[in-house]
Amino acid sequence: MTRDLYRPEIDGLRAIAVVSVLLSHTFPSILPGGFVGVDIFFVISGFLITRLIFKDLQEKSFSIWLFYQRRIRRIFPALCVVLMTCLVFGWVILTPAEYELFGTHLAASAGFVPNIIFWKEAGYFDKEAITKPLLHLWSLGVEEQFYLVWPIVLLLGYQLCSQNLARLLGVCLLLCLGSLALSVSIMFSSPVTDFYSPLTRFWELGIGGCLALSISLNSPNNLKPATNLPMNTINLLGLGSLMMAFWMINDQRVFPGLWALLPCIGTALILFATNNRASTQAIGIQQLLSSKVLVSLGLISYPLYLWHWPLLSFARILEGQAISVTSRLVIIALSLVLAWLTYQFLEKPIRRQGSKKVAKFLLILMLILLAVGIVLRKQDGFKNRNLGLMQADPTTMVVGEHRKMIMRTCHISDQIPADLDCFEDVRDPVRYAILGDSKAEALFYGLTTVSSAQGRWLLIDGIHPPALNSASQNAYLAKSQQAYSIIENSPTIQVVAITSSLRGIFQIDKLKGFIQSQGNSEEEFKVYSALISRLEASGKKVIFVIDNPTFPDPTSCISGGLTSSQILNTILSRQANPNCQYSYTEYLQGTKPYRDWVNRLQQVHPQLTVFDTAPILCNINENHCGTYEKNQFLYSYSDHISDYAAKKIGVILTPIVDNLVKTP
């Protein structure tokens with residue numbers, strides 16, 4: 001930014017934005033809506049960049065290539081250092097599967113499309129956010145995608161509307177309104193798309209851009225506001241909007257949508273009110289935002305934003321559980337130190353130099369990082385790294401590894417609703433069906449692998465026993481009803497295994513899976529009982545598979561080191577979450593209401609076969625339940641079993657099922 005355009009109060013506003021994000025990520029209870037600091041950054045960025053572009057257009061000195069050179073010198077230096085640091089630490093800390101995923105994120109970040117990748121990854125199978133070291137770069141992706149389009153819009157608009165530049169402002173306002181309308185229209189139906197899509201975030205940067213255009217069109221130096229409101233009143237309205245956003249918005253709100261108006265309008269009001277330096281009305285707020293502390297933080301806000309999240313993420317991965325207060329305070333301090341060093345010894349020298357060669361070098365370095373990310377992905381995170389010092393092999397933390405070889409689309413797929421998964425063993429005869437939620441899918445792979453020629457398995461997952469009356473039947477339950485009816489009427493299916501998660505019946509503690517309250521268990525009992533009656537009436541043998549023990553995500557249960565260096569393995573050794581193991585007795589006590597519930601089902605349906613997975617997954621003799629055994633992980637993701645565990649269960653369950661068919 002040229003010195004005549006520099007405004008210290010904007011750095012003060014940047015400081016508020018980055019501190020709010022930092023507090024939100026480290027101590028969310030203090031500032032639940034602090035993540036809207038990103039939206040403040042968007043408005044500031046749109047304002048500053050548009051002002052620079054418009055100034056160059058007026059002076060007839062604007063060049064697309066020079067614009068991107070400036071962006072490269074501004075964005076790339078700190079980003080390259082952070083990406084390279086994460087690459088090194090990832091090698092030491094992350095398992096092959098985690099490092100492979102990191103490679104995808106590295107390539108996406110170097111290509112400035114991380115928001116698109118995280119958008120595609122979001123969903124049921126997504127990893128916990130804090131375990132993704134580069135997740136925070138989604139905002140950088142949105143910003144740079146905006147600047148692929150915005151300079152061209154301004155350049156063409158300036159040329160086409162040269163006789164009446166107010167039309168250019170009108171076009172930009174219409175684009176922003178369209179983007180906001182799109183965001184609001186999908187905020188409930190597609191909240192993930194609304195969050196990550198550049199189209200639904202365009203207006204946030206655009207609102208800053210429109211403000212800059214409005215100021216520039218009214219006066220080269222000052223905007224003579226068409227309002228009688230004192231500037232301090234406008235400033236206070238802006239600050240009030242930001243404060244409301246910080247404390248009214250939280251991760252339970254659908255965001256951005258209409259809620260994003262609070263931080264964006266608030267930021268725009270402050271930029272508007274502090275623009276008129278000749279006015280004495282705004283001096284109070286300007287002095288606050290121009291204070292030495294805030295300006296100093298604002299100057300390092302970009303590297304501070306880049307550093308804080310990877311430090312938090314790697315700390316969470318190493319500790320295996322919620323980061324301690326001490327660790328969070330250390331991370332804040334370390335982030336500040338690294339940000340200051342990055343600003344003083346990297347960003348400032350590069351900005352002063354302003355060389356084309358520097359921009360080209362940084363561009364080449366970023367392309368190299370992109371290539372490295374692709375290699376990490378292609379090489380499966382380098383599985384040949386030293387894993388012998390870990391308590392179990394993390395490469396066994398998989399489910400459905402050989403799915404393409406062992407299954408095919410089921411023979412009744414044309415009767416199944418299109419958005420339901422239906423697969424079966426590639427071998428005949430298919431006589432058994434396993435139905436339920438994602439727990440059914442995890443078990444299906446093991447059953448298929450060890451099944452006998454007596455009968456093979458078919459899977460329909462993502463379904464739930466239908467409601468007892470049509471008035472309670474939603475679209476999801478209607479599809480489930482259709483799927484169960486097809487199985488019920490199938491002459492080839494002789495045995496049906498019902499597998500559903502405990503958390504779908506009772507309210508449970510997410511860490512251990514122990515029951516906290518009855519939840520909707522009584523209503524669930526009725527629908528499961530009705531389903532069993534229907535299946536038995538159609539001549540099917542029915543098995544109810546008791547859900548497996550629940551633990552934290554298995555990646556938090558990894559412990560040990562990943563290198564051959566004893567020093568590194570000591571300093572950067574991963575610690576397992578303490579909830580990754582408990583006694584078998586504790587498990588039985590914690591799930592007693594569920595087991596009583598299953599026993600009631602069996603009493604109502606004497607022909608029902610109940611199969612318990614816990615004695616297979618736990619060591620009853622040693623009174624111990626855990627996430628691994630014999631160097632093999634029993635779990636793959638979340639509370640789902642691995643292929644190894646599914647095979648263990650399949651070996652025991654297969655002869656039971658085969659005997660059911662033989663029994664008249």
Side-chain angles (χ1 to χ4, degrees), residues 1-2 4-7 9-10 13-14 39-64 66-68 70-71 74 142-183 198-199 201-227 229 231 234-235 237-238 241 260-261 263-279 282:
M1 187 186 305
T2 57
D4 61 319
L5 290 178
Y6 177 69
R7 288 170 51 187
E9 66 272 11
I10 292 181
L13 199 52
R14 281 183 173 137
D39 305 86
I40 297 174
F41 276 128
F42 282 162
V43 178
I44 294 173
S45 176
F47 177 81
L48 293 176
I49 299 302
T50 301
R51 193 169 58 157
L52 285 170
I53 292 174
F54 195 76
K55 180 175 180 292
D56 287 347
L57 287 171
Q58 289 179 314
E59 295 174 356
K60 302 189 184 306
S61 61
F62 178 72
S63 161
I64 293 289
L66 290 177
F67 170 78
Y68 287 121
R70 284 199 299 257
R71 291 300 294 167
R74 172 73 178 98
V142 168
E143 190 172 340
E144 296 315 306
Q145 289 154 29
F146 174 81
Y147 290 125
L148 287 176
V149 177
W150 192 246
I152 298 172
V153 170
L154 294 179
L155 176 61
L156 293 177
Y158 189 84
Q159 292 174 345
L160 295 174
C161 305
S162 58
Q163 300 302 315
N164 187 357
L165 289 174
R167 292 179 181 176
L168 171 58
L169 176 60
V171 169
C172 292
L173 284 171
L174 284 175
L175 290 173
C176 291
L177 287 172
S179 172
L180 175 60
L182 177 61
S183 175
L199 296 179
R201 294 284 191 166
F202 182 102
W203 70 272
E204 298 188 37
L205 291 114
I207 197 172
C210 289
L211 177 62
L213 284 176
S214 178
I215 290 173
S216 299
L217 290 174
N218 275 269
S219 174
N221 300 309
N222 287 306
L223 174 66
K224 298 174 182 176
T227 175
L229 282 176
M231 290 297 102
I234 297 174
N235 260 321
L237 286 172
S241 295
L261 285 168
C264 291
I265 296 297
T267 304
L269 287 174
I270 294 172
L271 291 171
F272 170 83
T274 56
N275 179 73
N276 194 337
R277 299 184 183 185
S279 172

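When reading the values below, keep in mind they use all heavy atoms of this one structure, side chains included, and skip hydrogens, waters and symmetry mates.
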(request) Working to the nearest 0.5 Å, report the span between OH of Tyr158 and CZ of Phe62. (result) 12.0 Å
(request) Please report the shortest heavy-atom distance between Val43 and Glu204, naming the atom on each side. (result) CG2-O, 3.4 Å
(request) List the atom of Phe67, the atom of Tyr147, and the distance in Å for their closest heavy-atom pair. (result) CE2-O, 4.0 Å
(request) Look only at the side chain of Ser183 and the backbone of Ser179, and say whether a donor-acceptor pair between them is shorter than 3.5 Å. (result) no
(request) Give, for atom CG of Leu66 and atom CG of Asp56, the distance between the pair rounded to the nearest 0.5 Å. (result) 8.5 Å
(request) Side-chain contact test, heavy atoms from C-beta onward, threshold under 4.5 Å: evaluate it for Phe54 versus Leu168 and give yes or no. (result) yes
(request) Check the pair Ile215, Phe47 against side chain to side chain contact (heavy atoms under 4.5 Å, CB included), reporting the backbone distance first and the verdict last. (result) CA-CA 10 Å; Ile215 290 173; Phe47 177 81; 3.7 Å; yes
(request) Answer yes or no: is there a side-chain heavy-atom contact under 4.5 Å between Ser45 and Phe146? (result) no
(request) Supply the atom-to-atom distance Phe272 CZ to Asn235 CG, rounded to the nearest 0.5 angstrom. (result) 10.0 Å
(message) I need the Leu205 CG to Thr50 OG1 distance, nearest 0.5 Å.
(response) 8.5 Å
(request) Would you give the length of the straight line joining atom CD1 of Ile64 to atom CG of Leu148, rounded to the nearest 0.5 angstrom? (result) 10.0 Å
(request) Mind listing the closest non-hydrogen atom pair of Pro263 and Asp39 along with its distance? (result) CG-CB, 4.1 Å
(message) On a heavy-atom basis, which atom in Leu154 and which in Leu57 lie closest, and how many Å separate them?
(response) O-CD1, 3.8 Å
(request) Give a yes or no answer on whether the side chain of Arg71 reaches the backbone of Glu144 with a donor-acceptor pair at less than 3.5 Å. (result) no
(request) Of all the heavy-atom pairs spanning Phe41 and Arg14, show the shortest one and how long it is. (result) CZ-O, 3.8 Å
(message) Can you give me the closest heavy-atom contact between Val142 and Pro198, atom names plus distance?
(response) CG1-CA, 4.5 Å
(message) Could you go through Leu213 and Leu165, starting from their C-alpha distance and side-chain angles, then the distance that decides it, and tell me whether this counts as side chain to side chain contact (heavy atoms under 4.5 Å, CB included)?
(response) CA-CA 9 Å; Leu213 284 176; Leu165 289 174; over 6 Å; no
(request) First locate atom CG of Leu180, then atom CD1 of Ile207, and finally report the distance between them rounded to the nearest 0.5 Å. (result) 8.5 Å
